[in-house]
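Following: one structure in structure tokens, then a few remarks.
Sequential numbering from 1 along the given sequence is applied to the chain's residues.
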Amino acid sequence: MRRARVTVGLALFSVVLAVISFAQQLRATGDKTILFESFDEPFEGRWIVSEKDEYKGVWKHSKSEGHEDFGLLVSEKARKYAIVRELENEADLKEGTTVLQFETRLQNGLECGGAYLKYLRPQEAGWVAKEFDNDSPYSIMFGPDKCGGTNKVHFILKHKNPKSGEYVEHHLKFPPSVPSDKLTHVYTAIMKPDNELRILVDGEEKKKANFLSSEDFEPALIPAKTIPDPDDKKPEDWDERSKIPDANAVKPDDWDEDAPMEIEDVDAVKPEGWLDDEPEEIDEPEASKPEDWDDEEDGEWEAPKIQNPKCESAPGCGEWKRPMKSNPAYKGKWRAPLIDNPSYKGIWKPQEIANPDYFELEKPDFEPIAAVGIEIWTMQDGILFDNILIAKDEAEAALHREGLWKPKFDAEKEKQKAEEAAATGSDALAGIQSLSILQKKVFDVLYKVADIPFLKDHKDKIIELVEKAEKQPNLTIGVLVSIAVVILTVFVKIIFGGKKAAKVEKKPAPAAAATEASSKEESSVEKDESTSTAAPRRRTTRRE
């Protein structure tokens, strides 16, 4: 744990050094920044919270967890949020490169909700900051969104159709997915003057697209040159059937449409031991009619049923019936085989005509960005927005990522690793404690095993093994195996070695019998003397 705290401390210190270095580099570069919002200061005065009734979510100026760095926090669950900041100078997206970048941290994860930004058109389009809502007109919507089957980093361009004058939402096809952890991530959209769009997540390119390609946006910015004629109708005699039944085919004489799919297996034999007279279920023997049971109101009482215990060991109970099997004569309903349709004309499609709404573009007619807004509905709290950037230079955006986001992200990763290591250590300690308790229980059982009567000749050996295992717990498994071998050996002797062939002894002659008796008596005396002078026996019971 101490080492983990030191690691996290060093990581946080590196964040401070990186921020100082970043500030020095930023002063040395040309300023191509249109907007940079770091939220180092409270947002009031620069950002305007929507006063619309449905937007009840409370925004807070809050530190990112584990950092001294501040951000804009979504503080409540299951709320709608809306807040906007107007730009001092509008961002022209038609000239040169434009980079949109911001950080989000899903501190409590994201189960269902958005964490995207809206880049709004000038207010002449018909909106005011205090009434900012879902209908406020935007040029671009960009950022993560996750709920149910939706899991993507949106990029939506709202583009004006030069023919109709209507604004159409064009969605990026196959966008990248949202990182699923609780770390800070940085999202970058780079729009190039050659119509190229690049989406980066944490500085890594995840998607490249072309604004004018129908393969990359749905619907395409440039309509198709031709469209199906809406007035074209399919002729009545148009035949779309590629195959038809053969009109000349005849059902075979031996075709039996009534033959069943399955028939009784006449070769089946009732299994031996089948209990014909036993029902599969019987009344529960211990069940009795409740005292408050009223036959008139409750009906006739019947004991609950249980499975017949006699059927458990038998192959079956009750009336035996032959099983069913597939009927080899079954053919089903006869149908004429299919042949090629001589009148087939293919699948009908209306003819193509010139698209009256077609137009050509050399590049998108981007609307300028006059404000940045966050308008989301989310079931999750703890979403933190930070370091919102609009710039005209890719290098400047990269500098922000390296100087602000990466040190913070690296510190969070180190902290996460330290916490995981600490959790693993706690789990290991708990496992050791549990193992110690288990071993004690095992030793208690083994001492009881030593007292089993048929093992009395091996009691000393078993106790010796258990005591050794208590002193060296790593030997426990080996001890268990050794004792198991002893028990197995005793069983084998009892089962296979307990009976010996009877001996036929000849009765000794009287003189020989007297000599043998004298010899036995002397042997007995010597045995007693030997026993009395031997070392005392070791303990046969466990010390407490």
Side-chain angles (χ1 to χ4, degrees), residues 34-37 39 43 46-52 54-57 59 71-74 79-93 98-104 106 110 112-147 150 152-160 166-172 175-176 178 185-191 197 199 201 211 217 364-378 380 383-391 397:
I34 297 171
L35 170 70
F36 177 59
E37 173 60 83
F39 295 105
F43 61 86
R46 300 188 311 282
W47 293 77
I48 299 172
V49 178
S50 177
E51 297 178 358
K52 284 290 192 76
E54 62 265 37
Y55 296 97
K56 301 295 185 182
W59 296 98
L72 183 63
L73 180 69
V74 170
R79 291 284 189 272
K80 285 186 176 182
Y81 292 81
I83 192 170
V84 65
R85 175 178 172 175
E86 297 180 48
L87 276 60
E88 293 182 5
N89 299 302
E90 293 180 359
D92 184 359
L93 304 182
T98 303
V99 182
L100 310 176
Q101 182 169 283
F102 67 98
E103 298 174 12
T104 60
L106 311 174
L110 185 62
C112 186
Y116 43 77
L117 269 59
K118 289 184 175 180
Y119 300 86
L120 288 89
R121 289 157 50 196
Q123 291 189 351
E124 289 79 5
W127 67 278
V128 293
K130 290 185 177 180
E131 297 180 3
F132 173 50
D133 62 8
N134 183 56
D135 295 324
S136 298
Y138 64 86
S139 291
I140 293 171
M141 189 176 104
F142 172 52
D145 186 21
K146 183 178 179 181
C147 192
T150 300
K152 57 187 174 182
V153 179
H154 278 294
F155 187 94
I156 303 172
L157 171 65
K158 209 161 190 179
H159 188 262
K160 184 178 181 179
E166 295 180 354
Y167 284 87
V168 180
E169 287 186 357
H170 300 274
H171 293 246
L172 178 66
V178 181
H185 295 281
V186 59
Y187 299 90
T188 309
I190 303 171
M191 296 178 286
L197 169 67
I199 304 296
V201 179
F211 280 108
F217 280 87
D365 186 17
F366 293 112
E367 296 283 346
I369 296 173
V372 176
I374 306 173
E375 186 275 318
I376 56 176
W377 173 88
T378 179
Q380 199 67 55
I383 301 173
L384 193 81
F385 295 88
D386 198 8
N387 294 331
I388 299 173
L389 173 71
I390 303 176

Taking atom [atom1] of [X] and atom [atom2] of [Y], what is their separation to the nearest 0.5 Å?
X      : Y      : atom1 : atom2 : value
Lys118 : Ile156 : NZ    : CD1   : 8.5 Å
Glu90  : Ile34  : CD    : CD1   : 10.5 Å
Phe217 : His171 : CZ    : NE2   : 10.5 Å
Lys56  : Arg79  : NZ    : CZ    : 9.5 Å
Glu375 : Tyr55  : CD    : OH    : 3.5 Å
Ile140 : Leu100 : CD1   : CG    : 5.5 Å

So, for [X] and [Y], which heavy atoms are closest and what is the spacing to 0.1 Å?
X      : Y      : answer
Ile383 : Gly114 : CD1-O, 4.0 Å
Leu197 : Ala189 : CD1-CB, 4.4 Å
Asp92  : Thr98  : O-OG1, 3.9 Å
Gly113 : Asp145 : O-OD1, 3.1 Å
Lys146 : Leu110 : CD-O, 3.5 Å
Ile376 : Ala115 : CG2-N, 4.3 Å

Against the six-membered ring of Tyr138, is Lys158 placed for a cation-pi contact (under 6.0 Å from the centre, within 45° of the normal)? yes

Is any side-chain heavy atom of [X] less than 4.5 Å from a side-chain heavy atom of [Y]?
X      : Y      : value
Lys80  : Asn134 : no
Ile83  : Ile48  : no
Glu103 : Val186 : yes
Phe132 : Ile374 : no
Phe385 : Leu117 : yes
Leu172 : His154 : no
Leu93  : Tyr119 : no
Leu72  : Ile388 : no

Do Gln123 and Glu86 pass the side-chain contact (heavy atoms from CB on, under 4.5 Å) test, and can you show the C-alpha distance, the side-chain angles, and the key distance before you say yes or no? CA-CA 10 Å; Gln123 291 189 351; Glu86 297 180 48; 3.3 Å; yes

Taking the six-membered ring where the residue is Trp, are the ring centres of Trp47 and Phe39 under 6.0 Å apart? yes

Please confirm whether the ring centroid of Phe211 lies under 6.0 Å from the ring centroid of Phe366. yes

Test side-chain contact (heavy atoms from CB on, under 4.5 Å) applied to Phe155 and Met191, step by step: CA-CA 11 Å; Phe155 187 94; Met191 296 178 286; 4.0 Å; yes

Could you go through the side-chain contact (heavy atoms from CB on, under 4.5 Å) check for Tyr81 and Ser50 one step at a time? CA-CA 8 Å; Tyr81 292 81; Ser50 177; over 6 Å; no

Might you work through the side-chain contact (heavy atoms from CB on, under 4.5 Å) test for Asp386 and Phe102, ending with a clear yes or no? CA-CA 6 Å; Asp386 198 8; Phe102 67 98; over 6 Å; no

Glu367 side chain to Arg121 main-chain N or O, any donor-acceptor pair under 3.5 Å? no

